[in-house]
Amino acid sequence: MMFNTPEFALLLVITMCMYYLIPRHRLWLLTAANLIFYGVVGPGYLLLFGVISLAVYLCGLGIEYTSRWRRILLTLGILLTSSNLIFFKYTDFALRSIEKVLSIHLVAHQSEWLHYALPLGISFYTFELISYLVDVYKGRIPAERSLLRFWMFIMFFAHMIAGPIMRGKEFLPQIRQLDTIRFNPAQLRLGAFFIVLGLAKKMGIADQLAPYCDSFFSQASTLSGAEGWTASVLYAFQIYCDFSGYSDMAVGIGYLFGLELARNFNTPYLSTNATEFWRRWHITLSSWIRDYIYISLGGSRRGEVRQYANLFAAMTISGFWHGSQWTFIAWGMYQGGLLIGHKLYVNLLQKLRIIQIQTYIWYRMLSLFVFFLLTCLGWVIFRTEGIHVAAGLIIRMLNPKALIMPQWVWHFWWIAGGLYALHVLEWYLLNRLDRVSSLWHSWIPSPIRAAVYSFLVLVFLYMLKQGQSSFIYFQF
């Protein structure tokens with residue numbers, strides 16, 4: 001069940017009304033809503049989730065209540081959740097790769113069990129389950145005693161399918177206080193704002209760009225360099241508006257129930273370097289990779305060379321997390337290279353004693369432009385169907401001839417310019433939200449506000465009639 005469907009809107013309205021009418025049974029109510037939301041995908045995947053999460057719940061209790069078996073239970077829980085992810089997401093990829101490298105045919109590769117659809121949200125709830133076990137093991141949080149509260153933590157429909165990836169220390173305390181949450185009109189307005197923002201990004205921008213991006217990348221092997229740049233810039237905004245639109249809606253839904261979910265994006269295309277980008281893009285994933293992989297590998301504790309190796313490995317794993325394709329792995333390696341390159345560059349500026357150059361506005365604007373182009377090169381790797389196709393297109397994009405734009409692509413660049421301006425406007429809006437809200441309600445008469453709200457509802461209803469497209473990150 002997708003957020004941009006009438007069915008979900010009905011489920012959300014009914015659940016929210018009952019949530020505030022019968023506060024004593026909120027946990028049971030949200031559990032039922034979560035089961036309906038995920039059960040639509042298929043009872044088999046719901047059962048699978050139940051078994052895996054129940055096992056992790058029991059492992060968590062065992063880790064807290066036993067001293068002898070703690071490490072064994074931690075390892076068992078991580079292996080169980082990881083094996084579930086690996087089976088559905090990477091088995092077919094592994095067998096295909098073995099066949100290609102060794103030039104052999106594996107009979108098992110044709111087995112039907114390799115062709116089950118990927119369970120929705122499996123990558124996201126796997127990371128949440130692993131972080132929960134590690135946090136309990138390290139004493140950062142107590143093991144959750146209530147199975148219902150534990151399921152609510154993992155399965156809350158706002159974030160289960162495509163994040164944000166929530167931590168136990170962030171979300172479990174809120175769930176334990178569900179019965180004390182009061183009806184708050186201000187939070188409802190804030191929730192509605194983020195839902196509308198997310199719908200506008202998804203349906204008004206991402207879905208409108210999708211046909212053009214699909215058309216460009218379906219012929220990636222024949223695109224010129226100029227066309228490649230056009231395609232990559234359009235896709236940069238498509239994937240951002242699609243994924244951040246989902247995340248905004250998730251945050252908004254949380255506010256409707258008095259719950260605060262982690263913000264997952266912070267206008268990432270205003271970043272001037274890779275380090276800043278990963279503090280703004282898919283924030284909950286990048287922080288998860290940092291805390292549970294990069295630091296576990298040693299982080300920066302064993303010298304610069306080891307730090308760079310750990311950073312590269314962590315980002316490669318991040319790329320592999322996105323899917324069982326070599327292009328995703330290459331994209332992760334590319335991002336790791338950008339991060340290492342930025343650290344080396346900063347070290348060089350420090351040695352030359354010109355580190356203060358980064359404070360100049362002209363330098364920041366130039367860095368903003370250059371890094372956005374580097375980001376778009378990365379999206380070429382991410383979006384194309386194969387490494388060779390991506391490499392060929394990037395080579396053509398780096399050719400000076402790519403500066404010669406065909407007349408027919410210029411209107412796409414005007415669109416891209418407008419989208420970047422909206423990106424800047426989004427930054428201003430989110431960083432001045434209280435002031436903007438105050439001005440909106442004090443300066444704009446209520447009849448005009450009502451007319452605007454009605455117009456937005458009509459626009460969204462019209463877009464729903466045109467058909468709904470899935471969110472890009474549902475496949476991950």
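Here the shortest heavy-atom pairing between Phe265 and Pro268 reads CD2-CG, 4.4 Å. Closest approach of Phe312 and Met333 over heavy atoms only: CE1-O, 3.4 Å. Of all heavy-atom pairs between Ser221 and Arg396, the closest is O-NH2, 3.4 Å. The two residues Ala55 and Leu80 come nearest to each other via the heavy atoms CB-CD2, 3.2 Å.
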### Message
The test is side-chain contact (heavy atoms from CB on, under 4.5 Å); show your working for Leu422 and Phe237 and say whether it passes.
### Response
CA-CA 11 Å; Leu422 288 175; Phe237 286 106; over 6 Å; no
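Within the structure, every pair that satisfies the salt bridge (charged side-chain N to carboxylate O under 4.0 Å, His left out) test and touches residues 376-391, not counting sequence neighbours, is listed here: Asp214-Arg383. Contacts classified as salt bridge (charged side-chain N to carboxylate O under 4.0 Å, His left out) and involving residues 60-76 (residues at least two apart or in different chains) are given here: Glu64-Arg145. Among pairs with a residue in residues 359-374, those fulfilling salt bridge (charged side-chain N to carboxylate O under 4.0 Å, His left out) read Glu276-Arg364, at least two apart in sequence or across chains. Legend: salt bridge (charged side-chain N to carboxylate O under 4.0 Å, His left out) pairs involving residues 333-350, not counting sequence neighbours: none detected.
Judged as a side chain to side chain contact (heavy atoms under 4.5 Å, CB included), and not counting sequence neighbours, the contacts of Ser287 are Arg167, Arg290. Residues satisfying the side chain to side chain contact (heavy atoms under 4.5 Å, CB included) criterion with Leu374, sequence neighbours excluded, are Tyr334, Leu338, Val370, Phe371, Leu377. The ring pair (Phe, Tyr, Trp, His ring centres under 6.0 Å) test applied to Tyr308 returns no partner, not counting sequence neighbours. Under the salt bridge (charged side-chain N to carboxylate O under 4.0 Å, His left out) criterion, Arg263 pairs with no residue, sequence neighbours left out. Applying the salt bridge (charged side-chain N to carboxylate O under 4.0 Å, His left out) criterion to Arg306, with sequence neighbours excluded, gives no partner residue. Looking at residues two or more places apart in sequence or on another chain, you find no salt bridge (charged side-chain N to carboxylate O under 4.0 Å, His left out) involving Arg435. Evaluation of the side chain to side chain contact (heavy atoms under 4.5 Å, CB included) rule for Leu35 yields Thr31, Leu46, Met155 as partners, not counting sequence neighbours. A search for side chain to side chain contact (heavy atoms under 4.5 Å, CB included) contacts involving Asn84 returns Leu48, Ile52, Phe88, Ile122, Tyr125, not counting sequence neighbours.
Between Tyr246 and Asn264 the shortest side-chain heavy-atom distance does not fall below 4.5 Å.
Ring geometry for Phe382 versus Trp379: interplanar angle over 60°, hence perpendicular rather than tilted (30 to 60°).
A donor-acceptor contact closer than 3.5 angstrom links the side chains of Trp413 and Thr230.
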